Amino acid sequence: MRELVVLGTASQVPTRTRNHNGYLLRWDGEGLLFDPGEGTQRQMIHAGVSASQITRICLTHVHGDHCFGLPGVLSRMVLDGVQHPVDLHFPASGGEVVRALVSLASPGLDLRLHPHSGPGQIAPGLEVRPLRHRIETFGYRLVEPEGRTLLPGRLAAAGIAGPDIARLQREGNLGGVRLEDVSVPRPGQSFAFVMDTAECSGAEELADGVDLLVAESTFSNDDAGLAARYLHLTAGQAGALASAAGAGTLVLTHFSSRYGDVGALAKQAVTRSGGAAVVAAQDLDRIPLPGRQRDYGSPGGVWPPGGPTSVDEDVDPGAVVGVKQDQEQHEVEQQVDGHDVGQ
Ligand SMILES: [Zn+2]
């Protein structure tokens with residue numbers, strides 16, 4: 001299961017229809033909560049998301065609309081008896097605010113603080129890049145490890161069928177047939193979260209080639225002066241970011257409360273988004289991960305054999321492995337039925 005659950009889409013001021021920020025990325029057995037603003041706990045209830053689904057929390061910066069929901073969410077996790085460790089990532093310069101917010105939460109959660117102060121990998125598959133905002137801000141990028149797409153024709157020619165396919169995936173070699181002889185490389189699925197920034201190289205690096213790009217779109221093109229002044233993106237700039245990056249789907253969010261209808265912003269983004277699909281997020285939207293951008297001809301792709309499939313197998317290995325195996329089996333069946341392509 002990979003999807004983005006949108007918990008809130010308002011920037012500084014919430015509205016009747018838009019809660020402050022909040023996004024849960026469900027990624028196999030992981031649940032990555034991004035930028036929980038005020039009211040996130042209640043939005044989770046509306047969205048049908050449980051506190052126990054959260055395994056990792058990622059803050060872009062410590063402006064209130066991106067982190068004031070933290071004490072409530074953490075307290076709720078304690079109340080619900082969450083036993084697994086939870087990793088909390090944030091810019092090091094916001095440490096004082098983060099520690100204050102965490103100190104307000106009920107004790108009892110195995111919460112692990114991970115400040116970062118520069119670009120790079122902060123967990124397996126999870127990277128940060130600095131953005132350009134009024135205080136230190138980092139965006140996030142999540143990339144699945146590269147896998148391989150099986151080629152049914154070559155499998156058949158090699159006489160490999162049924163359970164042997166899974167065994168070959170697992171072991172990499174079966175009776176002299178190597179996995180690479182019957183498959184081609186397949187880049188991993190990817191996601192980027194670009195929040196509260198003016199145009200900058202960090203945003204471009206995060207967005208590069210991702211399947212799903214969540215980007216702030218605080219202002220209309222007509223208010224480009226405000227965007228420049230407060231270091232935010234216009235809808236058109238968000239579209240241009242997606243286009244330049246070759247992103248698959250652009251999710252616009254973090255709207256200023258001055259826009260009752262964000263349809264005009266979506267149109268402005270579409271004008272510049274190139275091949276990227278554009279979604280103007282509404283609270284409680286569920287957005288599935290689109291197919292891989294750089295796949296080798298297999299819509300939806302095929303699960304990678306063996307190898308890690310999630311950024312955080314160390315957090316809850318049982319759950320992650322369980323999901324992976326189910327999907328592997330499912331996809332093997334698909335290939336045997338001849339529905340998969342890749343040749
Ligand atoms: Zn904000």
Side-chain angles (χ1 to χ4, degrees), residues 7-8 10-12 19-25 30-41 43-44 51 54-79 82-142 191-198 200-203 205-206 214 216 218 230-232 253-254 311-312 314-315:
L7 300 168
S11 59
Q12 198 170 38
N19 198 77
H20 270 143
N21 281 291
Y23 312 84
L24 182 74
L25 178 66
E30 289 272 340
L32 292 89
L33 178 65
F34 291 91
D35 281 1
E38 280 176 70
T40 295
Q41 181 184 180
Q43 291 294 96
M44 286 165 56
I54 299 168
T55 57
R56 195 177 290 276
I57 302 173
C58 301
L59 306 182
T60 57
H61 64 303
V62 294
H63 279 158
D65 53 325
H66 298 260
C67 63
F68 282 2
L70 203 52
V73 170
L74 296 176
S75 297
R76 178 58 188 269
M77 295 177 83
V78 174
L79 187 68
V82 169
Q83 295 297 314
H84 58 253
V86 177
D87 297 288
L88 173 58
H89 302 276
F90 54 93
S93 62
E96 202 173 328
V97 173
V98 170
R99 276 184 279 277
L101 291 168
V102 167
S103 74
L104 295 173
S106 311
L109 188 67
D110 183 1
L111 185 69
R112 302 172 181 190
L113 305 190
H114 306 285
H116 48 258
S117 52
Q121 181 164 294
I122 55 168
L126 185 62
E127 295 182 14
V128 293
R129 291 284 185 283
L131 296 173
R132 194 156 72 87
H133 196 42
R134 305 192 302 281
I135 62 172
E136 190 177 45
T137 301
F138 286 87
Y140 293 82
R141 175 183 170 92
L142 181 64
F191 167 86
F193 189 78
V194 174
M195 205 55 55
D196 285 36
T197 186
C200 66
S201 59
E205 289 169 23
L206 291 166
V214 176
E216 72 126 302
T218 311
Y230 294 108
L231 299 182
H232 280 296
T253 183
H254 193 270
V311 289
D312 296 309
D314 55 330
V315 172

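These numbers were taken from a predicted model, which means no experiment stands behind them.
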**Q** If only atom types and distance count, is the side chain of Thr55 paired as donor or acceptor with the main-chain N or O of Gly31 below 3.5 Å?
**A** yes
**Q** Has His84 got a side-chain atom pairing as donor or acceptor with Ile54's backbone, closer than 3.5 angstrom?
**A**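 The answer is yes, because a donor-acceptor pair under 3.5 Å joins these two groups.
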**Q** What verdict does the side chain to side chain contact (heavy atoms under 4.5 Å, CB included) test give for Leu113 and Phe90, after you've listed the backbone C-alpha separation in whole Å, the side-chain angles of each residue and the deciding distance to 0.1 Å?
**A** CA-CA 8 Å; Leu113 305 190; Phe90 54 93; 3.9 Å; yes
**Q** Might you point out which heavy atoms bring Glu216 and Thr197 nearest each other, and give the distance in Å?
**A**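 Taking Glu216 first and Thr197 second, the nearest heavy atoms are OE2-N, 2.8 Å.
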**Q** State, to 0.1 Å, how close Val78 and Gly108 come at their nearest heavy-atom pair, and which atoms those are.
**A**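 Residues Val78 and Gly108, closest heavy atoms: CG2-C, 4.3 Å.
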**Q** Could you pull out the closest heavy-atom pair between Arg129 and Gly120, with the gap in Å?
**A**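 Between these two residues, the closest heavy atoms are NH1-N, 3.7 Å.
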**Q** According to the side chain to side chain donor-acceptor pair (under 3.5 Å) rule, which pairs have a member within residues 108-119, sequence neighbours left out?
**A** Asp87-His114, Asp110-Arg112
**Q** For the NE2 atom of His66 and the CD atom of Glu38, what is their distance to the nearest 0.5 Å?
**A** 12.0 Å
**Q** Do the side chains of His89 and Phe138 get nearer than 4.5 Å, heavy atoms only?
**A** no
**Q** Just wondering, do Leu206 and Phe193 contact through their side chains at under 4.5 Å, heavy atoms?
**A**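 No. Closest side-chain heavy atoms not under 4.5 Å.
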**Q** Has the side chain of Ser75 got a donor or acceptor atom that lies under 3.5 Å from a matching backbone atom of Gly72?
**A** no
**Q** From Arg76 CZ over to Gln41 CD, what is the distance, rounded to the nearest 0.5 angstrom?
**A** 5.5 Å
**Q** Start with the C-alpha gap between Thr137 and Met195, add the side-chain angles, then the distance that decides, and say whether side chain to side chain contact (heavy atoms under 4.5 Å, CB included) holds.
**A** CA-CA 8 Å; Thr137 301; Met195 205 55 55; 5.8 Å; no
**Q** Does some side-chain heavy atom of Asp65 sit less than 4.5 Å from a side-chain heavy atom of His254?
**A** yes
**Q** Could you tell me if the side chain of Val82 sits less than 4.5 Å from the side chain of Leu109, heavy atoms only?
**A** yes
**Q** Give, for atom SG of Cys58 and atom CG of Leu88, the distance between the pair rounded to the nearest 0.5 Å.
**A**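 Nearest 0.5 Å value for the SG-CG distance: 8.5 Å.
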**Q** I'd like to know if the side chain of Arg132 reaches the main chain of Leu231, judged simply by a donor and an acceptor atom lying under 3.5 Å from each other, with no hydrogens or angles considered.
**A** no
**Q** Return the minimal non-hydrogen interatomic distance between Leu24 and Leu7, and the atom names on each side.
**A**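 That would be N-CD1, 4.2 Å.
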**Q** To the nearest 0.5 Å, what is the distance between OG (Ser103) and CG (Leu74)?
**A** 10.5 Å
**Q** Which pairs of donor and acceptor atoms, one on a side chain in residues 94-102, lie under 3.5 Å apart (sequence neighbours left out)?
**A**
none

**Q** Looking only at heavy atoms, what is the nearest atom pair of Met77 and Val86, with distance?
**A** CE-CG2, 3.5 Å
**Q** Please confirm whether the backbone N or O of Thr60 pairs with a side-chain atom of Asp35, one donor and one acceptor, at under 3.5 Å?
**A**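 Flag set: sc Asp35 to bb Thr60 pair under 3.5 Å.
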**Q** Go through the steps for Tyr23 and Thr253 under the test side chain to side chain donor-acceptor pair (under 3.5 Å), then give the verdict.
**A** CA-CA 10 Å; Tyr23 312 84; Thr253 183; 2.8 Å; yes
**Q** Would the number of heavy atoms belonging to other residues, nucleotides or ligands and lying under 6.0 Å from CD of Gln121 be above 12?
**A** yes
**Q** Is there a side-chain contact between Pro91 and Ile135, using heavy atoms and a 4.5 Å cut-off?
**A** no
**Q** Quick one: closest heavy-atom pair of His133 and Asp196, and the distance?
**A** CB-O, 3.1 Å
**Q** Measuring only between side-chain heavy atoms, which start at C-beta, is Cys200 closer than 4.5 Å to Leu131?
**A**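 They are in side-chain contact.
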**Q** Check whether any side-chain heavy atom of Leu70 lies under 4.5 Å from a side-chain heavy atom of Leu59, and answer yes or no.
**A**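 Result yes, sub-4.5 Å side-chain heavy-atom pair found.
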**Q** Apply the test side chain to side chain contact (heavy atoms under 4.5 Å, CB included) to residues His232 and Arg134: give CA-CA distance (whole Å), side-chain angles for both, the deciding distance (0.1 Å), then the verdict.
**A** CA-CA 9 Å; His232 280 296; Arg134 305 192 302 281; 3.9 Å; yes
**Q** One pair to check against side chain to side chain contact (heavy atoms under 4.5 Å, CB included): Met44 and Val73. What are the steps and the verdict?
**A** CA-CA 9 Å; Met44 286 165 56; Val73 170; 4.3 Å; yes
**Q** Measure the shortest side-chain to side-chain distance between His20 and Thr40 over non-hydrogen atoms and say whether it is less than 4.5 angstrom.
**A**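 They are not in contact (no side-chain heavy atoms under 4.5 Å apart), so the answer is no.
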